[in-house]
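Worksheet for the structure shown next.
What you see is a predicted model; the values in this text were computed from it and never measured.
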2 protein chains.
Amino acid sequence: MEPFPWKMKVYSDKSRHLVAVDCIIFGYDILEKEIKLLLFKRMFEPAKGKWSLAGGFVDNNESLDAAASRILRKLTGLDPVYMKQSFTYGETDRDPGSRVISVAYFALIPITDIDKDLAEENGVSWCSLAKLPDLIFDHPLMVNRALRDLQNQVMFKPVGFELLPDKFTLVQLQDLYEAIYQRKVDKRNFRKKILSMGILEKLDEKESETSKKGAYYYKFNEDTYKRLKENGFYFNMDVN
Amino acid sequence: MEPFPWKMKVYSDKSRHLVAVDCIIFGYDILEKEIKLLLFKRMFEPAKGKWSLAGGFVDNNESLDAAASRILRKLTGLDPVYMKQSFTYGETDRDPGSRVISVAYFALIPITDIDKDLAEENGVSWCSLAKLPDLIFDHPLMVNRALRDLQNQVMFKPVGFELLPDKFTLVQLQDLYEAIYQRKVDKRNFRKKILSMGILEKLDEKESETSKKGAYYYKFNEDTYKRLKENGFYFNMDVN
DNA sequence: AAATTTAAATGTAAAGAATACACTTAAAAA
DNA sequence: TTTTTAAGTGTATTCTTTACATTTAAATTT
């Protein structure tokens with residue numbers, strides 16, 4: 001027997017909607033010191049051939065988070081990345097093809113991580129935030145809000161590390177923050193602040209590509225961070 | 001001729017979903033000094049007769065914001081209130097009746113504003129946050145997140161005033177903050193901080209119900225706030 | 001092998017913000 | 001007139017943020 005006798009009946013007169021997930025995928029180009037966005041060329045109408053965010057429709061037996069992961073995986077080959085819901089866009093005319101409600105997610109991945117073959121096959125490419133092409137629909141809105149989300153996130157949570165390789169120099173970390181905040185920060189104050197938290201581990205190894213002296217590599221110590229957090233510590237990189 | 005020939009066809013194989021809006025409606029009880037939530041008894045299956053948030057389905061030609069406004073209006077008789085999208089809940093099994101994706105909104109209204117007849121007719125009542133009844137589905141999750149949203153909002157935006165009458169005393173304002181933050185704050189530091197912003201206007205009138213001496217009424221000066229904001233001022237009530 | 005070049009690394013003083021804290025005042029009621 | 005009650009007020013201390021310039025390490029050049 002059907003466990004919910006009213007099932008299918010009770011909601012039957014209500015409108016049903018196409019629900020999409022669009023992913024604002026941020027990457028950090030460590031050489032060009034720029035935040036980039038993973039965009040791709042739409043391969044179907046409407047707006048076929050135009051640049052858009054990575055998106056797709058939510059299936060019947062799939063949560064929103066699962067749909068976002070699936071879409072990201074399909075386009076980048078990546079699985080467990082940093083991903084958070086951003087905002088849901090529901091204007092009736094936002095997609096000229098049909099009424100589509102879209103849940104935006106923002107994701108952080110190191111640029112090096114992306115599968116090049118998959119990227120090519122999907123018409124995917126990294127575009128620097130500074131000079132984005134025209135995006136379809138309300139995708140520019142989505143990008144703006146997600147960038148704000150990102151700025152808030154890196155200020156109060158240690159998620160910037162998701163955009164860097166496992167080991168990184170303090171210079172690289174600062175460059176990342178400057179790219180996200182879109183302003184310069186003071187070197188000594190930045191270092192004082194991040195190091196005083198005690199969540200970075202200095203390695204016995206130097207990065208020697210970009211300077212003669214070489215800069216020490218550090219890595220983020222997640223365990224230490226978790227322990228501190230349990231004791232009431234709050235991450236804060238609101239630095240000048 | 002149909003302006004979009006691919007319309008209706010291109011997305012035709014995609015799942016369609018019921019999309020709901022649930023409203024976490026906060027009110028402030030100035031006498032009991034408590035944040036309250038507007039709840040109501042479901043009048044249909046599933047979970048008929050159980051307590052739930054104010055909710056409803058999104059219609060075909062209606063944006064999410066419009067749906068949220070409509071639902072609020074229907075249940076409270078109120079029109080232009082402070083209302084913001086909170087989060088979208090999309091677990092496949094979150095509503096046992098059917099797969100429903102729900103966009104949560106949180107709203108702030110002064111308790112006095114609500115239309116009593118409408119409230120009665122809809123089975124609506126204010127419940128203190130401290131002792132909420134069991135709520136259906138994932139509504140407890142929604143409340144938790146919305147409360148966090150509210151705490152963040154009042155800290156960095158002058159929205160607490162939405163929960164108070166036009167004129168209020170500093171004691172009342174502080175009580176409100178304490179109710180939202182769920183902790184005591186220092187009286188002198190609180191006053192110093194809020195008054196130093198210069199966005200409150202002292203009236204020549206006292207509230208004389210609650211004390212012999214009487215406390216001066218103030219009102220929030222929105223114009224001044226807007227002017228200050230344009231000049232780079234940031235509201236901040238992160239007080240001890 | 002000495003001098004030069006380049007970017008990494010480092011500390012301190014001053015200003016501003018957050019905190020802790022207790023008595024006085026106004027007005028009604030006794 | 002005294003008592004009661006809640007409103008209103010200021011300062012010193014600590015902590016945080018900011019501003020700012022020189023030294024150091026290592027490779028490259030002379």
In whole angstrom, what separates B:Y218's OH from D:dA7's P? 12 Å
ring-ring contact (aromatic ring centres under 6.0 Å, His included) pairs touching residues 194-216 of chain B, sequence neighbours excluded, are none
So which one's nearest nucleotide on DNA chain C is more toward 5', A:R188 or B:D238? A:R188
On a heavy-atom basis, the closest approach of A:K193 and A:D238 is NZ-O, 2.9 Å
Distance check needed: D:dT17 P versus A:M237 CE, whole Å only. 11 Å
Report the relative orientation of the aromatic rings in A:F161 and A:F220; use parallel for angles under 30°, tilted for 30 to 60°, perpendicular for over 60°. parallel
Between B:E207 (CD) and C:dA26 (C1'), how many Å, whole number? 14 Å
Give B:K206 one of three labels, base, sugar-phosphate or nothing, depending on what nucleic acid heavy atoms sit under 4.0 Å from its own. sugar-phosphate
Heavy-atom pair of closest approach, residues A:D29 and A:I111: N-CD1, 3.6 Å
Spacing of A:Y177 atom OH and A:M155 atom CE [to the nearest 0.5 Å]: 9.0 Å
From CG of B:N236 across to P of C:dG16 the rounded distance in Å is 17 Å
Whole-Å distance separating the NZ atom of A:K213 from the P atom of D:dT23: 13 Å
Both B:Y216 and A:D186 contact DNA chain D. Taking the nearest nucleotide for each, which residue is further toward the 5' end? B:Y216
Side chains of A:Y28 and A:E34: is there a donor and an acceptor less than 3.5 Å apart? no
Any residue of residues 191-198 of chain A with a heavy atom less than 4.0 Å from an atom of DNA chain C: A:R191, A:K192
salt_bridge(B:D138, B:R94) N-O dist < 4.0 Å: yes
Using a cut-off of 4.0 Å on non-hydrogen atoms, how would the nucleic acid contact of A:T210 be classed: base, sugar-phosphate, or nothing? sugar-phosphate
By a strict heavy-atom criterion of less than 4.0 Å, which residues belonging to residues 166-183 of chain A are in contact with DNA chain C? A:V171
Using OP1 and OP2 only, check whether a side-chain N or O of B:N240 sits under 4.0 Å from C:dA20. yes
Taking only residues two or more places apart in sequence or in another chain, which ones pass side-chain contact (heavy atoms from CB on, under 4.5 Å) with B:D113? B:L78, B:P110
Salt bridge present between A:E205 and A:K167 (N-O < 4.0 angstrom): yes
Could I get the full list of side-chain contact (heavy atoms from CB on, under 4.5 Å) partners for A:S208, not counting sequence neighbours? A:K206
Shorter than 3.5 Å, N or O on both sides, protein versus nucleotides 28-30 of chain D: list them out with atom names.
none

Salt bridge present between B:K33 and B:D175 (N-O < 4.0 angstrom): yes
note: A:Y217, atom OH; C:dA8, atom P; distance rounded to Å ~ 12 Å
Rounded to whole Å, CZ of A:F190 lies from P of C:dA9 at a distance of 12 Å
Looking at CG of B:L53 and CD1 of B:I136, how far apart are the two atoms once the value is rounded to the nearest 0.5 Å? 7.5 Å
To the nearest angstrom, how far is B:E209 atom CD from C:dA28 atom P? 12 Å
